[in-house]
**Student:** 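First the structure, which I've put down as structure tokens, then a few questions once you've had a look.
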Amino acid sequence: MPIATPEVYNEMLDRAKKNSFAYPAINVTSTQTLNAALAAFAEAESDGIVQISTGGAQYVSGPTVKNMVTGAVALATAAHEIAKNYPVNIALHTDHCPKDNLDKFVRPLLAVSEERVARGEHPLFQSHMWDGSAVPLKENLDIAQELLERTSKANIVLEVEIGVVGGEEDGVSAAIDDKLYTTVADARATVEALGSGERGRYMSALTFGNVHGVYKPGNVRLRPEILKEIQDEIGKELGKDKPFDLVFHGGSGSTEQEISDAVDYGVIKMNIDTDTQYAFTRPIVDHMFRNYDGVLKVEGEVGNKKAYDPRAYGKLAEAGMTARIVEACRQLRSVGNKIN
């Protein structure tokens, strides 16, 4: 199927919310990791989300170029072509974009989509994230208002972060403290600034102890019940059940129960990056150790071209990442939940 249209993407999100499941949102940094994600969603018979970060986009553009927009457009263009071969719907998303990168990443990409929509085409990306967690809430929401006006006109969904995700991702760091927990007051301010859908659709990354990076289960204090409290309180005020479309960030190392609870409370998208990075790299390491004298020209020998051909270990890496994404689909209950 082709990349999801805005209408299909909205249907995807609505189905997830109605049927209490969530889509894995997989960070990709190459056509190899893109292929791994697409293969996984097809195997799981799950629609899904593929996303690229500022750092990932720089990487795709090439180490001597380092242009976020070039890399993001290139990978999105590849995805639009490659995804036609898979029987699932895939949405394209841009991940965390802090304030100092808005003019280098999200705003130029919005302009690309605005031009496409003006020509009668669909937007290049189906959603963009504005990460205002490092600025005061009022400034965060002021910028979100400006972006929501543009995204809604271009048939794009906006994602905002209300609260702080700890740890580090793409050079953006945050302390692990009380700011990791979004409050009802924060959520109320969000609705006052952005509405509840009538001004344009947005997803909310409300934080409940989330931390980016690597950690073992139990090392981070996740409190998914915070999501229920916010949905219940704001839902009463608005007369809506689960008024927020929620996103789960920093989920690597989360327990099955924490993931299940978060989905029960309205999470429809869960970002997955650290775990899939490891799943991609681990088979490469295994290949190198097992074929040491083949990938290296040891003691004057010539090595084994079949062993050091990047396709040999690249296929293994893709398979490892695919398996991890299929597991994520199972954990998030998206298996079999594709739109026919």
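Heavy-atom basis, side chains included; hydrogens, waters and symmetry copies ignored.
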**Student:** Using salt bridge (charged side-chain N to carboxylate O under 4.0 Å, His left out) as the criterion, list what pairs up with E192, not counting sequence neighbours.
**Tutor:**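 Expected list: none.
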
**Student:** With a 3.5 Å distance limit and no angle check, can you tell me whether N291 reaches the backbone of H287 through a side-chain donor-acceptor pair?
**Tutor:** yes

**Student:** With side chains defined as the heavy atoms from C-beta onward, is the minimum distance between Y9 and V157 less than 4.5 Å?
**Tutor:**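 Side-chain contact under 4.5 Å: yes.
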
**Student:** Could you tabulate the donor-acceptor pairs under 3.5 Å formed by side-chain atoms of residues 296-317, not counting sequence neighbours?
**Tutor:**
from: N304; atom 1: OD1; to: K306; atom 2: N; distance (Å): 3.0
from: D309; atom 1: OD1; to: R311; atom 2: N; distance (Å): 2.9
from: D309; atom 1: OD1; to: R311; atom 2: NE; distance (Å): 3.2
from: D309; atom 1: OD2; to: R311; atom 2: NE; distance (Å): 3.2
from: D309; atom 1: OD2; to: R311; atom 2: NH2; distance (Å): 2.8

**Student:** Scan side-chain atoms only and decide if K66 and S61 contain a donor-acceptor pair under the 3.5 Å cut-off.
**Tutor:**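 Side-chain D/A pair, K66 to S61: absent.
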
**Student:** Using a strict threshold of under 4.0 Å (side-chain N to carboxylate O), is an ion pair present between E258 and R223?
**Tutor:**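 The answer is no: the pair does not qualify as a salt bridge.
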
**Student:** How long is the span from the NE2 atom in H122 to the CG atom in N155, to the nearest 0.5 Å?
**Tutor:**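 Here the rounded value is 9.0 Å.
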
**Student:** Using the side chain to side chain contact (heavy atoms under 4.5 Å, CB included) rule, pick out the option among E237, E233, Q231 that qualifies with P243.
**Tutor:**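 One option only clears the test, and that one is Q231.
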
**Student:** If you look only at pairs with a residue in residues 71-91, which of them pass as a salt bridge (charged side-chain N to carboxylate O under 4.0 Å, His left out), with sequence neighbours excluded?
**Tutor:**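 Pairs touching residues 71-91 that pass the test: E81-K84.
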
**Student:** Is a side-chain donor or acceptor of D241 paired with a backbone partner of G235 at a separation under 3.5 angstrom?
**Tutor:**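 Checked: no pair found.
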
**Student:** Who are the salt bridge (charged side-chain N to carboxylate O under 4.0 Å, His left out) partners of E229, not counting sequence neighbours?
**Tutor:** none

**Student:** If you measure from the Lys or Arg side-chain nitrogens to the Asp or Glu carboxylate oxygens, is any gap between K18 and E11 under 4.0 Å?
**Tutor:**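 Salt bridge flag = no for E11 with K18.
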
**Student:** Could you tell me if the side chain of Y202 sits less than 4.5 Å from the side chain of T190, heavy atoms only?
**Tutor:**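 Sidechains of Y202 and T190: in contact.
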
**Student:** Kindly write out the residues that satisfy side-chain contact (heavy atoms from CB on, under 4.5 Å) with D14, not counting sequence neighbours, or none if the list is empty.
**Tutor:**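 R201.
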
**Student:** Does a side-chain heavy-atom distance below 4.5 Å link V267 with V247?
**Tutor:**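 No, side chains not in contact.
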
**Student:** Between H93 and S127, is there a side-chain donor-acceptor contact under 3.5 Å, judged purely by atom types and distance?
**Tutor:**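 A pair is found: one side chain offers a donor N or O, the other an acceptor, under 3.5 Å apart.
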
**Student:** Quick one: does Q51's side chain get under 4.5 Å of T94's, heavy atoms only?
**Tutor:** no

**Student:** Side-chain atoms of residues 38-46: list all donor-acceptor pairs with protein atoms under 3.5 Å, sequence neighbours left out, distances to 0.1 Å.
**Tutor:**
from: S46; atom 1: OG; to: S334; atom 2: O; distance (Å): 3.4
from: S46; atom 1: OG; to: S334; atom 2: OG; distance (Å): 2.8

**Student:** Looking at K228 and A262, would you say the former's side chain and the latter's main chain have a donor-acceptor pair under 3.5 Å?
**Tutor:** no

**Student:** Below 30° counts as parallel, above 60° as perpendicular, anything between as tilted: where do the rings of F125 and H128 land?
**Tutor:** tilted

**Student:** If you count the non-hydrogen atoms of other residues, nucleotides and ligands that lie under 6.0 Å from NZ in K17, is the total more than 12?
**Tutor:**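 Buried by this count: over 12 neighbours within 6.0 Å.
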
**Student:** Is any side-chain heavy atom of R15 less than 4.5 Å from a side-chain heavy atom of N337?
**Tutor:**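 A side-chain contact under 4.5 Å exists here.
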
**Student:** In the single-linkage hydrophobic clustering (I, L, V, M, F, W, Y; side-chain heavy atoms under 4.5 Å), do L92 and V117 co-cluster?
**Tutor:** no

**Student:** State whether R199 and E149 are salt-bridged, where the test is any N-O pair (Lys NZ or Arg NE/NH1/NH2 against Asp/Glu carboxylate O) under 4.0 Å.
**Tutor:** no

**Student:** Going by heavy atoms in the side chains, are Q58 and K104 under 4.5 Å from each other?
**Tutor:** no

**Student:** Under 4.0 Å between a side-chain nitrogen and a carboxylate oxygen: does that hold for K236 and D232?
**Tutor:** no

**Student:** With side chains defined as the heavy atoms from C-beta onward, is the minimum distance between H96 and E161 less than 4.5 Å?
**Tutor:**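 A side-chain contact exists here, since the closest heavy-atom pair is under 4.5 Å.
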
**Student:** Indicate yes or no: at least one non-hydrogen side-chain atom of D47 is less than 4.5 angstrom from one of I90.
**Tutor:** no

**Student:** With side chain to side chain contact (heavy atoms under 4.5 Å, CB included) as the test, pick out the partner of S204 among V160, L194, D245.
**Tutor:**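 Single pass found, and it is V160.
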
**Student:** Thinking salt bridges, do E114 and K153 make one under a 4.0 Å N-O criterion?
**Tutor:**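 Looking at E114 and K153, the cut-off is not met.
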
**Student:** Determine whether a donor-acceptor pair (N or O, by modelled atom type, separation under 3.5 Å) exists between the side chain of N140 and the backbone of P136.
**Tutor:**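 No; zero donor-acceptor contacts below 3.5 Å.
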
**Student:** So, N271 and D95: side-chain donor and acceptor under 3.5 Å apart, yes or no?
**Tutor:**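 The answer is yes; a qualifying pair exists.
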
